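In what follows, a structure is listed as C-alpha cells, so that the remarks can point back to it.
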Amino acid sequence: MSAELFAVVAAIVRRHTAGGRTIPLLSRYDPKERRGSPPMPFLFQRKIGTKHEVVSDTTVVNMLKRHCGQLAEQHLGFLATSFTPHDFCRLLATELVNSGLPIHIGAALLGHLNLQTTRGYVAVFNEDVVRHYQGFLDRRRQDRPTDEYRPATEPEWSGFEEHFDLRKVELGGCARPYGSPCQHEHSCLRCPMLNISPKMLPRLDEIENDLLSRRGRAEQEGWRGEIEGIDLTLTFLRPKARRESETRPHRAGRTWHAGHLKTWPTASLRG
C-alpha cells in the first residue's frame, strides 16, 4: 500500500478499536452469491443504534453522490458525475497500465484469471500508447550497441523493399517477418502466414475445383503420391476458406459449409 492509503486504513482501524475495543465480526450478505459470508472483521462497517452492519454498496454510492455535489461547487465537472465503488477499481487498473505496469502484473494485483478481463478494465488512449511505445524504444536502444543505429546502406534498403515485394502472392499477402525465408517452399495454401485478400475469395472455389479434378484423375491413374499431396493441400484449404467465409458473412455465393463438403472425398478428410 502507498503511504496515503496506509494512513487511511490505519485511521479506520483506530476508529473501530478506540477504547480497547475489537473490530466486530459481521456477516455480509452477497446478493449475487445469495448467501452470507462467514463472520469477518469488515473495515467498512457502521453502528446504527445498537446494531453493527456492513456498509452496503448503495450507501457508498449515495456517499459518493453527496461528495460529488460538494465538489461541484468548486469544480463544475462533478455536477453530472456519478461513481460506483467498482469505478475506482477501473481507475486503478487504468492508472497502473498507463504508468507502464505490464498488464499481466495488473491482472495479478486485481485478482483476474484472464488478461482479457483486465484489458476490459483499462481505458488506453492513443497518445498513451504512442508515448509508452516511444519510451520502450528508447529503453531498448540504450541497451543495444550504438553502431546498430547507423543509416541503412543502399543495398540494405533495397533488400528491405524487395522483402515486401516478395510477400505479394496471388491470393493476398504473406505475413512472414523481415529477414526470414519462406518456410513452406512457396506452397502458400499450406502456410499459416497467408493472408487472403477479400477479392480473391472466389479464387478459392476455382482452386478447390481444380484440386478435386486432379484428384479424380490421380485416382484413375493410381497415383497414390499425387493423391496424398492433393489431400494435404485440401486439408489446409478447407479451414482457410471456412475462416474467411465466417469473417466475411456479407459475401454472397459462398457454399463452403454445404455444397463443398458434399463433394469432398472421404479420403481427404483424414488428418
Side-chain angles (χ1 to χ4, degrees), residues 1-10 75 77 81 83-200 232 236 239-240 243-244 246-248:
M1 292 188 291
S2 65
E4 294 84 356
L5 179 57
F6 187 87
V8 171
V9 174
H75 307 280
T81 302
F83 291 99
T84 66
H86 196 65
D87 289 331
F88 292 93
C89 188
R90 293 180 177 273
L91 290 171
L92 172 65
T94 298
E95 179 66 19
L96 290 175
V97 174
N98 285 353
S99 297
L101 186 75
I103 193 169
H104 66 281
I105 302 297
L109 289 174
L110 296 171
H112 295 161
L113 298 178
N114 191 332
L115 284 180
Q116 295 304 319
T117 304
T118 312
R119 195 180 302 278
Y121 272 53
V122 177
V124 180
F125 304 98
N126 289 337
E127 58 268 25
D128 294 322
V129 174
V130 173
R131 185 178 71 254
H132 288 292
Y133 182 63
Q134 289 175 337
F136 166 77
L137 291 179
D138 291 339
R139 291 191 298 272
R140 286 294 300 271
R141 286 170 178 162
Q142 291 174 5
D143 295 335
R144 299 180 69 90
T146 55
D147 60 348
E148 291 188 7
Y149 297 100
R150 55 177 173 75
T153 63
E154 188 63 31
E156 289 173 336
W157 186 252
S158 298
F160 182 75
E161 292 181 325
E162 183 182 7
H163 166 78
F164 291 96
D165 288 336
L166 292 176
R167 294 203 316 182
K168 299 174 183 178
V169 295
E170 176 192 13
L171 293 174
C174 175
R176 71 179 186 270
Y178 172 68
S180 62
C182 176
Q183 298 181 358
H184 290 82
E185 298 180 352
H186 302 284
S187 181
C188 296
L189 284 175
R190 302 181 185 180
C191 181
M193 293 293 183
L194 173 64
N195 292 327
I196 298 177
S197 171
K199 66 180 181 180
M200 296 305 294
L232 181 61
F236 282 95
K240 278 186 170 60
R243 182 173 62 250
E244 294 299 325
E246 291 173 349
T247 55
R248 297 177 176 86

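Because the structure is predicted, anything quoted here is derived from the model rather than measured.
- Atom SG of Cys174 is separated from atom CG of Leu194 by 7.5 Å, given to the nearest 0.5 angstrom.
- Looking at residues two or more places apart in sequence or on another chain, you find no side chain to side chain donor-acceptor pair (under 3.5 Å) involving Thr81.
- Rounding to the nearest 0.5 angstrom, the gap separating the CH2 atom in Trp157 from the CD atom in Glu162 is 14.0 Å.
- The distance from atom CD of Glu161 to atom CG of Leu166, rounded to the nearest 0.5 Å, is 12.0 Å.
- Between the OG atom of Ser197 and the NZ atom of Lys168 there is a distance of 12.5 Å, given to the nearest 0.5 Å.
- Side-chain N or O atoms of Asp87 include one that pairs as donor or acceptor with a backbone N or O of Thr84 at under 3.5 Å.
- Within 6.0 Å of atom CG in Leu113, 12 or fewer heavy atoms from other residues, nucleotides or ligands are found, so the atom counts as exposed in its surroundings.
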Inset, instruction - Tell me, with the steps shown, if Leu101 and Leu109 meet side chain to side chain contact (heavy atoms under 4.5 Å, CB included). - result: CA-CA 11 Å; Leu101 186 75; Leu109 289 174; 4.0 Å; yes

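- No more than 12 heavy-atom neighbours from other residues, nucleotides or ligands sit within 6.0 angstrom of CD on Glu95.
- Distance check, rounded to the nearest 0.5 Å: CG of Leu91 to CG of Leu96 gives 11.0 Å.
- Across all non-hydrogen atoms, the minimal contact from Gly106 to Thr118 is C-CG2, 4.3 Å.
- Separation of atoms CD (Glu170) and CD1 (Ile196) is listed at 10.5 Å; rounding is to 0.5 Å.
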